[in-house]
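We count ligands from 1, going down the list as the structure has it; atoms in each ligand are counted the same way. Just so it is clear, the model here is predicted, and its values are computed rather than measured. All heavy atoms count here, side chains included; hydrogens, waters and symmetry mates do not.
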Amino acid sequence: MIDEARLQSMLPVRGLGQPFHFFETIGSTNDFAKELAKGDAPHGTLVVADEQTAGRGRGDRRWLTPKGTGLALSLILRPERSMQNRVGVVGCMAALAIQEGVLKEGIKAEIKWPNDVLIGGRKTAGVLVEAAWEGTDLTSLVVGIGVNVRIASVPPEEQLDYPATCVETGLGKSVDRMVLLLGILEGIARWWPRLGSEELIGRINDGLAFRGREIELVGGEEIIRGTLVRVKPDGRLRLMTDSGEINVGIGGMRLHPLDLELG
Ligand code: BTN
């Protein structure tokens, strides 16, 4: 179990994590955080659950977090108006924070555009960013993060649409979930003021999976094939296709490498 009192005593991390809401069990931390964000929950509000029974992934996929096995958290961020054109990169920024947090534990991970983290080519964490608007004003972002930490958090093979693993399998030893959580929060707090900066985009691209490799982007009926070039400061993906270089927005796009290499 995550020790609520211990976690509370370590918050906030550089301004993130207060107020703090903890649930032993919840449907979805993102759903709860979105409700809070409709009210006056401030920037940095954190929702953490030990178990999620109706967690959501991108594109209406399910994301389950069995008790005591993973990390399920949602963070409310309130961007200033001047940041609105840079929020497309928040998913990659959160993936970078997860990658850095996992590296502190001792293992290298890669960022899979737009919102996943891979260890040995297998999905280990996912980010679901949900934005709320009032007219043309972006009022809040809820950044939902799910990390497979223990082996029991990895769904059975037949439920996967991408090969998956967990941090402890990659690392070969047990991990303190709270330390990992605090590391991820620290990364988000550090990068948030530098959203869209050259330094952030450079770090995302340094850790990006499949650079220079043939990939397919699939969104509904649309399939775009090309060589992955890099992530742009606005979060779009630059691809070299047969008809030249193009930038593809996140939308409902999912990325598949044409030659999947697993560790
Ligand atoms: C994905 O890979 O498609 C994104 C997965 C995001 C899962 C997290 S777990 C915490 C938060 N609450 C949810 O319902 N979803 C996100």
Side-chain angles (χ1 to χ4, degrees), residues 2 7 16-17 20-38 41 45-77 88-99 101-102 109-119 121-132 140-150 152-155 159-167 177-178 180-182 184-185 187-188 209 217-220 235 250-256:
I2 288 175
L7 188 51
L16 298 184
F20 168 55
H21 302 263
F22 178 78
F23 295 88
E24 283 184 18
T25 301
I26 198 171
S28 156
T29 55
N30 259 41
D31 288 348
F32 187 80
K34 278 166 67 178
E35 283 306 312
L36 291 179
K38 283 182 195 161
T45 300
L46 177 66
V47 183
V48 175
D50 190 45
E51 178 187 37
Q52 256 189 160
T53 54
R56 295 181 293 103
R58 284 179 72 225
D60 286 336
R61 266 168 287 267
R62 276 157 36 105
W63 182 282
L64 295 189
T65 310
K67 194 176 263 308
T69 65
L71 282 181
L73 61 121
S74 299
L75 190 61
I76 297 176
L77 300 176
V89 82
V90 167
C92 279
M93 182 269 276
L96 173 64
I98 300 168
Q99 183 199 41
V102 165
E110 288 181 302
I111 299 165
K112 176 173 175 275
W113 185 90
N115 68 328
D116 292 341
V117 177
L118 309 177
I119 292 179
R122 294 172 191 270
K123 178 159 171 168
T124 312
V127 180
L128 175 65
V129 181
E130 298 188 286
S140 68
L141 292 173
V142 169
V143 180
I145 294 179
V147 185
N148 299 337
V149 179
R150 312 224 150 100
S153 61
V154 182
Q159 287 177 21
L160 296 173
D161 58 3
Y162 201 88
T165 189
C166 64
V167 179
R177 286 180 296 153
M178 280 187 278
L180 183 59
L181 190 157
L182 293 167
I184 293 169
L185 277 188
I188 295 176
L217 295 178
V218 182
I250 297 171
M253 287 294 176
R254 292 186 79 79
L255 186 159
H256 302 278

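- The OG1 atom of Thr29 sits 10.5 Å away from the CG atom of Leu75 when rounded to the nearest 0.5 Å.
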Applying side-chain contact (heavy atoms from CB on, under 4.5 Å), run through Val129 and Asn115 and close with a yes or a no. CA-CA 9 Å; Val129 181; Asn115 68 328; over 6 Å; no
Output block, N or O contacts of ligand 1, threshold 3.5 Å exclusive:
{"residue": "ligand 1", "atom": "2 (O)", "partner": "Lys123", "partner atom": "NZ", "Å": "2.5"}
{"residue": "ligand 1", "atom": "3 (O)", "partner": "Arg58", "partner atom": "N", "Å": "2.7"}
{"residue": "ligand 1", "atom": "12 (N)", "partner": "Thr29", "partner atom": "OG1", "Å": "3.0"}
{"residue": "ligand 1", "atom": "12 (N)", "partner": "Asn30", "partner atom": "N", "Å": "3.4"}
{"residue": "ligand 1", "atom": "12 (N)", "partner": "Gln52", "partner atom": "OE1", "Å": "2.9"}
{"residue": "ligand 1", "atom": "14 (O)", "partner": "Ser28", "partner atom": "OG", "Å": "2.7"}
{"residue": "ligand 1", "atom": "14 (O)", "partner": "Arg56", "partner atom": "N", "Å": "2.7"}
{"residue": "ligand 1", "atom": "15 (N)", "partner": "Arg56", "partner atom": "O", "Å": "2.7"}

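- Separation of atoms OG1 (Thr69) and CZ (Arg177) is listed at 7.0 Å; rounding is to 0.5 Å.
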Could you give the side-chain donor-acceptor pairs of residues 59-66 under 3.5 Å, partners two or more places apart or in another chain?
{"residue": "Arg61", "atom": "NE", "partner": "Arg58", "partner atom": "O", "Å": "3.2"}
{"residue": "Arg61", "atom": "NH2", "partner": "Arg58", "partner atom": "O", "Å": "3.3"}
{"residue": "Thr65", "atom": "OG1", "partner": "Gln52", "partner atom": "NE2", "Å": "3.2"}

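- With sequence neighbours left out, the side-chain hydrogen bond (donor to acceptor under 3.5 Å, both in side chains) criterion links Glu130 to Asn30, Lys34, Arg56.
- A search for side chain to side chain contact (heavy atoms under 4.5 Å, CB included) contacts involving Asp116 returns Lys112, Lys123, not counting sequence neighbours.
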